[in-house]
Protein chains: 2
Amino acid sequence: MDFQEFIEQGEKLFLPNLSVDMVIIGFHEGELKCLLLKIGDKWLLPGGYVFRTESVENATVRILRERTGLKDPHFKFLSVFGGEDRKFTEEWKQFFVENNLPFKENTWLNDRFVTLAHYSLVDFEKTKPVIGNFDEAFAWFNLDELPKMWMDHKEIVLTAKNRLKEDIQHEQLTYNLLPKEFTMPQLHGLHQTILGEKLDRSRFQKKMIASGAFERLPKLQKDSPGRKPFQYRVKKA
Amino acid sequence: MDFQEFIEQGEKLFLPNLSVDMVIIGFHEGELKCLLLKIGDKWLLPGGYVFRTESVENATVRILRERTGLKDPHFKFLSVFGGEDRKFTEEWKQFFVENNLPFKENTWLNDRFVTLAHYSLVDFEKTKPVIGNFDEAFAWFNLDELPKMWMDHKEIVLTAKNRLKEDIQHEQLTYNLLPKEFTMPQLHGLHQTILGEKLDRSRFQKKMIASGAFERLPKLQKDSPGRKPFQYRVKKA
DNA sequence: CCAAAAGTGTTAAACCTACACCCATGT
DNA sequence: ACATGGGTGTAGGTTTAACACTTTTGG
């Protein structure tokens with residue numbers, strides 16, 4: 001579907017007033033990053049709309065795949081953002097004007113939207129972002145150094161950041177941020193980054209192993225200075 | 001808004017293809033009950049639609065208040081149900097025909113709906129249910145003895161039941177199911193009912209008190225057989 | 001005074017914490 | 001050999017579990 005089609009056909013193809021947004025989180029060089037797209041001079045979350053003939057879940061996976069190139073991306077529902085005047089009118093207007101496109105006030109794009117926000121944890125190395133119809137660029141931003149963003153999108157990212165902190169306490173899901181095979185030191189550092197605090201190395205290691213979620217691979221990794229760590233993989237059910 | 005208005009104006013007033021449903025849960029005579037409404041020969045969850053000029057949250061509270069008569073009802077988001085063919089066409093058709101109403105296939109009521117399901121914990125005694133536009137009756141059903149229900153509404157109730165089990169482990173929220181002042185034996189029985197298992201009385205009591213969420217009232221309650229229990233109240237922040 | 005209900009104690013096991021210690025490896 | 005990074009051990013405190021004990025009250 002190209003640009004023109006999208007604008008013209010959107011109203012017929014998609015469920016109106018409903019969008020799906022994704023906070024796509026990766027881990028790179030000890031920092032949590034979030035994938036954003038640029039439209040005009042501000043950034044926004046990867047997102048999309050639900051086809052009238054498609055389930056919300058399907059739309060979510062489809063949108064994720066389109067933007068990340070991943071076959072089977074992880075994702076989890078985050079929250080509904082449904083403010084009474086949640087519109088992107090100003091942002092779209094600016095974009096259309098700047099690009100010499102014909103701006104119409106009453107396009108479906110300018111309607112009030114309820115969005116179903118999700119977060120997705122991805123392997124930074126495996127993720128090959130692809131920009132969408134309107135997007136000028138993509139970039140990974142440190143969760144603590146977000147750029148100017150559309151509407152409430154920054155708030156959505158911060159909600160995801162906090163939710164991740166909570167979820168990590170109850171579920172084993174952070175391995176989604178690492179390659180299939182990873183070491184305990186890597187997982188340890190990741191947890192410290194997410195929680196923003198130091199975690200005892202010894203205790204962390206034992207807790208993770210005791211959780212039974214991981215299986216140790218007899219191989220060791222090639223590294224440089226110290227002892228070589230074991231690798232781990234998520235235990236298949 | 002009366003019946004006719006609702007059908008005719010609905011399309012203009014409400015966000016299309018989006019509904020809000022509520023699993024309203026009460027606790028009565030040692031059993032968890034769920035408030036359902038009757039339309040035709042099946043039952044459904046209290047629910048409604050979001051005004052175009054209203055936030056989702058506002059709609060949720062409004063719908064809850066309308067059906068329960070409670071001023072400040074508790075509620076928590078449950079899940080999105082967004083199947084690709086989630087329609088009530090058959091159910092509405094049957095209802096309209098049986099009531100000699102003119103049925104139109106392509107009314108907004110028969111559209112595909114994405115619903116935002118919530119659960120609400122209420123004080124059974126304080127809740128005075130009110131039926132809505134189409135409803136013939138309301139009733140409280142034991143969560144384990146649900147009647148025939150519309151579409152996926154039974155699934156939604158079961159999702160709420162399971163979610164409640166999980167949430168109870170992490171948050172102090174079950175007091176919403178009891179009167180403002182309650183005893184530990186009451187809270188104990190409630191937890192046992194929700195979890196479906198026996199909990200050590202001694203440990204439960206100490207855990208609850210240690211949580212610091214409750215304050216003991218020096219009063220005792222009048223009862224019949226044994227010792228009189230303390231009453232507790234949620235500690236104000 | 002006895003049974004029932006509610007509250008409190010007791011003990012052992014399990015778990016968490018904060019380190020200390022030991023092993024492997026590159027320089 | 002030694003600094004670095006990784007893995008494991010241990011002593012202490014805290015929390016949990018299971019059940020025993022005590023207090024209060026109605027009959």
Side-chain angles (χ1 to χ4, degrees), chain A residues 27 29-30 165-166 168-172 174-175 178-235, chain B residues 27 29-30 165-166 168-172 174-175 178-235:
Chain A
F27 183 61
E29 293 176 350
K165 263 197 204 180
E166 293 170 23
I168 202 182
Q169 320 270 11
H170 305 308
E171 320 170 48
Q172 211 49 263
T174 47
Y175 55 81
L178 296 173
K180 272 201 208 79
E181 306 188 345
F182 53 89
T183 67
M184 278 300 152
Q186 278 180 289
L187 195 63
H188 179 225
L190 172 55
H191 276 238
Q192 288 188 151
T193 303
I194 291 175
L195 295 173
E197 60 183 302
K198 299 237 169 180
L199 299 172
D200 182 275
R201 195 170 50 86
S202 158
R203 199 160 2 112
F204 179 83
Q205 193 130 336
K206 275 180 280 194
K207 213 178 191 176
M208 287 300 119
I209 290 170
S211 81
F214 309 110
E215 67 181 313
R216 174 178 284 185
L217 302 178
K219 334 173 195 173
L220 303 183
Q221 207 185 20
K222 277 187 184 177
D223 245 316
S224 7
R227 184 174 178 174
K228 298 188 196 318
F230 288 100
Q231 295 203 131
Y232 291 83
R233 171 209 297 161
V234 176
K235 210 181 265 179
Chain B
F27 183 60
E29 293 177 349
K165 264 197 203 180
E166 292 169 23
I168 202 183
Q169 322 268 11
H170 306 307
E171 318 170 49
Q172 213 49 265
T174 46
Y175 56 79
L178 296 172
K180 270 202 208 77
E181 305 189 344
F182 53 88
T183 67
M184 278 301 153
Q186 278 179 290
L187 195 63
H188 179 224
L190 172 55
H191 276 238
Q192 288 189 150
T193 302
I194 291 174
L195 295 173
E197 61 183 301
K198 300 236 165 179
L199 299 172
D200 183 275
R201 196 168 50 83
S202 160
R203 195 156 11 108
F204 179 82
Q205 193 130 334
K206 276 179 279 194
K207 210 177 191 174
M208 287 301 119
I209 291 170
S211 82
F214 308 110
E215 67 181 315
R216 175 178 283 185
L217 303 178
K219 333 173 196 171
L220 303 182
Q221 206 184 20
K222 278 187 184 173
D223 247 317
S224 7
R227 184 173 177 172
K228 299 189 196 316
F230 288 100
Q231 295 202 128
Y232 291 84
R233 172 210 295 161
V234 176
K235 210 180 266 179

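Just so it is clear: chains get the letters A, B, ... in the order the sequence lines come, proteins before strands, and each one is counted from 1.
Within the 4.0 angstrom heavy-atom criterion, base atoms lie near B/S202.
At whole-Å resolution of the value, CG in A/L199 and P in D/dG6 are 15 Å apart. In this structure, CZ of B/R201 is placed 8 Å from P of C/dG7, rounded to the nearest angstrom. Going from atom NZ of A/K207 over to atom P of C/dA18 covers 12 Å, rounded to whole Å. When rounded to the nearest whole Å, the span between NZ of B/K228 and P of C/dA5 equals 13 Å. In this structure, A/F204 places its CZ atom 14 Å from C1' of D/dG7, rounding to the nearest Å. Distance, A/K206 NZ to C/dA14 C1': 14 Å, rounded to whole Å. Rounded to a whole Å, the CG atom of A/D200 is 17 Å from the P atom of C/dC15. Remark: P of C/dT17 and CD of A/E197 are 10 Å apart, rounded to the nearest angstrom.
Comment: A/K235 does not engage A/E215 in a salt bridge, judged by the lack of any side-chain N to carboxylate O separation of less than 4.0 angstrom.
Judged by distance alone, the side chain of A/Q205 and the main-chain N or O of A/S202 form no donor-acceptor pair under 3.5 Å.
The shortest distance between the side-chain N/O atoms of A/R227 and the OP1/OP2 oxygens of C/dT25 is not below 4.0 Å.
Using a 30° and 60° split on the angle between ring planes, A/F204 and A/H188 fall in the tilted class, from 30° to 60°.
Checked against C/dA18, C/dT8, D/dG6, the side chain of A/R203 finds its nearest nucleotide in C/dA18.
For the ring-ring contact (aromatic ring centres under 6.0 Å, His included) test, no residue two or more places apart in sequence or in another chain qualifies with B/Y175.
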